[in-house]
Amino acid sequence: MPTPQEALGMVTMDKLVSLCKRRGFIFPSSEIYGGFQSTYDYGPLGTLLKNNIKAQWWKAVVQQRDDMEPLDASILMHPRVWEASGHVAVFNDPLVDCKECKARFRADHLWCLTATHRDESKQYAVEAGEEDEALSKGRELHQIGKRWEVSAAPMVIDAAEGTPQVCPKCGAAGSFTEPRAFNMMFQTQVGPVEGSIAYLRPETAQGIFVNYDNVLTTMRRKLPFGIAQVGKAFRNEIVTGNFTFRTREFEQMEIEYFCWPEQSAEKHQEWIDARIAWYTRLGIARENLDLYEHPDHKRSHYSTRTVDILYRFPIGFAELEGIANRTDFDLSQHAEFSGKTLDYFDTKTERRVVPHVVEPSAGVDRNVLAFLTEAYTEEEYTDQKGGKATRTLLRLHPTLAPIKAAVLPLAGNREDLVATARALAAELREDFSVQYDDTGAIGKLYRRQDEIGTLYCITVDHQTIDDDGKVTIRDRDTMQQVRLAKDEVAGWLRDRVR
RNA sequence: GCGGGAGUAGCUCAAUGGUAGAGCGACAGCCUUCCAAGCUGACGACGCGGGUUCGAUUCCCGUCUCCCGCUCCA
């Protein structure tokens, strides 16, 4: 059965994975050792694509704005950072499995409801994040009448005489495994001596918060202003998968935007709009983006509003970037845990606040996957022999395409064509990523470049040498050709790949 | 981690209890003047470990990896 994405003519994940492997974008990591779970390596073209995406991000969120600063903080940080941020607690969920129905629950999300009415009393089990939610969920699920008094208590899994242990899903009693702690943070040790632990950061954001004051003072900033950072983060996810969509090691492009408390809602919306505009400008169709407003009970403990930007991946709409209003939570926590003042004092108005923070947090690897998904195109055509054939191409935005131009001699056995083409390629390499290829007939070379998204194929023929000094430039998307003087190619390209 | 499915060449697949073929791709050579032409050549795989067997890619067990679901989120 085709997935909804296939029905829309979208590329399947299998085809993307295959192309990525075949053309040097993304390889399974440690492949010669049989691979390593959920890790991937970016190959030559994937590296270029990923770097181009990050470069466009830096340009849009830092270079082209007057209110942003870049930062590159270390992955290892003081362990107290993660106590302050809440990650030690939050990322330490105790999980239990129901042995009967195989469902898995967070142990702290299981509740026992007791409903009483006069002499009658009933007990129910529900799964919920908080007590209020448990109560309303329980009423709904078990249709407890209004006259019933209902109370909720956390289900105690390992106590022999605690609240009843009943699986909310299948109703089996006493079927839970012992709770096991899943610490989502990778631990490591600092120095060769055991005992001094540190964490691999589960988000780059905290590196920004702990440097907030440094940046503020050294860069002479005033509210509002933001700090941007790109870097690796690590989460010991229980479940990974869907190619590079969810991996334990991943890269983030994060912004923490510090502002006055009363302007945070407005800035939040501005960033949502700005980020959508960035994606669409780089070629993502607006209808392939969707917004998801986190309902109250799903939102992180620190956030007043969180909006996800979803992309229509081959697996369906899924999160590409999360934009949260984190309020003053992080700076307040760090002020408390570090004992340092992280207030902002405005000398003009003599007003003192802890700034509020808007956080647009995007996944680099998901960006790569999204842009590849969007770009992947198969065109049917009739070949020279009259048969059906498919042209596969990546319609990547000019700034993102890993290779901007390929220089091709029309025949690889003509030394003069080869020499001229090589010289032109060398000249263009000063400014662009360029490939030279003479290993096949021209049609084959075109197809090869199409599949990696090369913007232009520049062909040197006998006229170039014998006659007019012009080369043929062939467009990836339209296959249209124009002839242009050899010396004008660099300038012509420059106008088109900015 | 649990349940289900699957691992044969770079990719897509085939066959077989007697150690494996193809198409495409990639490589070398010849040829080739604009959209995957042709010819020649060389390279290239049974995920790993163990068991049964005279002999295992094939059967069994374990393990690893991948896919789907449970969970979480960039």
Side-chain angles (χ1 to χ4, degrees), chain A residues 13-15 17-24 27-39 90-91 93 95-99 101-106 109 169 177 180 182 184 202-205 232-247 249-254 294 298 300 306 308-309 315 318-324 359-367 369-370 379 381 383-385 387 389-392 408-414 417 438-451 457 459-464 466 472 474 479 481 483:
Chain A
M13 195 64 104
D14 284 349
K15 279 187 178 178
V17 172
S18 173
L19 179 102
C20 282
K21 174 77 191 297
R22 187 156 37 87
R23 291 301 189 187
F27 308 127
S29 179
S30 313
E31 198 183 9
I32 61 170
Y33 287 97
F36 190 58
Q37 192 187 82
S38 181
T39 52
V90 169
F91 280 82
D93 305 333
L95 299 182
V96 295
D97 294 311
C98 172
K99 289 178 220 160
C101 68
K102 306 299 179 191
R104 162 166 292 177
F105 304 95
R106 273 178 62 169
H109 279 189
K169 213 164 207 169
T177 59
R180 283 168 300 192
F182 276 73
M184 298 290 264
E203 63 175 16
T204 62
K232 289 279 181 100
F234 304 82
R235 289 178 197 171
N236 224 338
E237 298 284 351
I238 305 163
V239 176
T240 57
N242 286 321
F243 197 33
T244 56
F245 183 81
R246 181 172 289 109
T247 53
E249 173 180 346
F250 60 103
E251 197 163 13
Q252 296 183 302
M253 303 188 287
E254 290 200 303
H294 283 225
K298 272 195 76 176
S300 313
T306 299
D308 289 343
I309 299 178
I315 53 171
E319 187 181 359
L320 180 60
E321 172 160 353
I323 306 177
E359 179 195 75
S361 172
V364 178
D365 311 272
R366 289 181 182 183
N367 263 259
L369 198 56
E379 287 180 354
Y381 70 101
D383 66 18
Q384 288 176 308
K385 287 180 280 187
T390 306
R391 180 170 86 109
T392 303
L408 318 166
L410 199 50
N413 61 350
R414 282 270 306 264
L417 295 187
D438 64 6
T439 60
I442 192 68
K444 183 183 208 166
L445 302 186
Y446 284 155
R447 289 293 177 279
R448 200 181 269 170
Q449 295 298 329
D450 286 340
E451 227 178 4
C457 288
T459 306
V460 174
D461 59 25
H462 74 278
Q463 278 183 27
T464 312
D466 304 339
T472 305
R474 177 258 195 191
M479 297 194 282
Q481 303 186 346
R483 281 187 73 81

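Every chain is numbered from 1, with letters handed out A, B, ... down the list of sequences. As a basis for the values below, the full set of heavy atoms in this structure was taken, side chains included, without hydrogen atoms, waters or symmetry mates.
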Legend entry - Watson-Crick or G-U counterpart of B:A37, or none if no pair lies under 3.5 Å: none
Legend entry - Nucleotide nearest A:Ser361 when distance is taken to its side chain, options B:U33, B:A74, B:A36: B:A74
Inset, instruction - Ignoring the backbone of A:Arg366, work out which of B:C34, B:C73, B:A28 is nearest its side chain. - result: B:C73
Inset, instruction - Output the single nucleotide from B:U33, B:C34, B:C66 whose closest atom is nearest the side chain of A:Ser38. - result: B:C66
Inset, instruction - Report the distance from atom NZ of A:Lys444 to atom C1' of B:G25, rounded to the nearest whole Å. - result: 8 Å
Legend entry - N/O donor-acceptor pair under 3.5 Å between A:Arg391 side chain and A:Glu379 backbone: no
Legend entry - Ion pair A:Arg474/A:Asp450, N-O distance below 4.0 Å: yes
Legend entry - Under-4.0 Å salt bridge between A:Glu451 and A:Arg23: yes
Legend entry - Contact under 4.0 Å: A:Asn242 side-chain N or O vs B:C68 OP1/OP2: yes
Legend entry - A:Arg246 side-chain proximity, nearest of B:A37, B:U12, B:U71: B:U71
Legend entry - hbond_proxy A:Arg235 side chain to B:C73 base (donor-acceptor, 3.5 Å cutoff): no
Legend entry - Nearest-neighbour nucleotide for the A:Arg448 side chain, B:C11, B:A26, B:C34 considered: B:A26
Legend entry - Between A:Arg483 and A:Thr472: side-chain donor-acceptor atoms closer than 3.5 Å: yes
Legend entry - Listed nucleotide nearest any side-chain atom of A:Tyr381, set B:A74, B:A36, B:C27: B:A36
Legend entry - Euclidean distance for C1', B:A42 against B:C46 (whole angstrom): 22 Å
Legend entry - Closest to the A:Arg483 side chain, choosing from B:A74, B:C34, B:C31: B:C34
Legend entry - Gap between atoms CZ and P, on A:Arg22 and B:C13 respectively (whole Å): 12 Å
Legend entry - A:Phe250 aromatic ring stacked with six-membered ring of B:A74, 5.5 Å and 30°: yes
Legend entry - Pairing nucleotide - B:U65, Watson-Crick or G-U, each distance under 3.5 Å: B:A6
Legend entry - Pairing partner (Watson-Crick or G-U wobble, both distances under 3.5 angstrom) of B:C70: B:G1
Legend entry - Shortest side-chain distance from A:Ala441, nucleotide among B:U32, B:C34, B:A74: B:U32
Inset, instruction - Please tell me which of the listed nucleotides, B:C66, B:C34, B:A74, lies nearest to the side chain of A:Leu410? - result: B:C34
Legend entry - Distance below 4.0 Å between A:Lys21 side-chain N/O and B:G25 OP1 or OP2: no
Legend entry - B:U8 and B:U58, which share atom name P, separated by this distance in whole Å: 13 Å
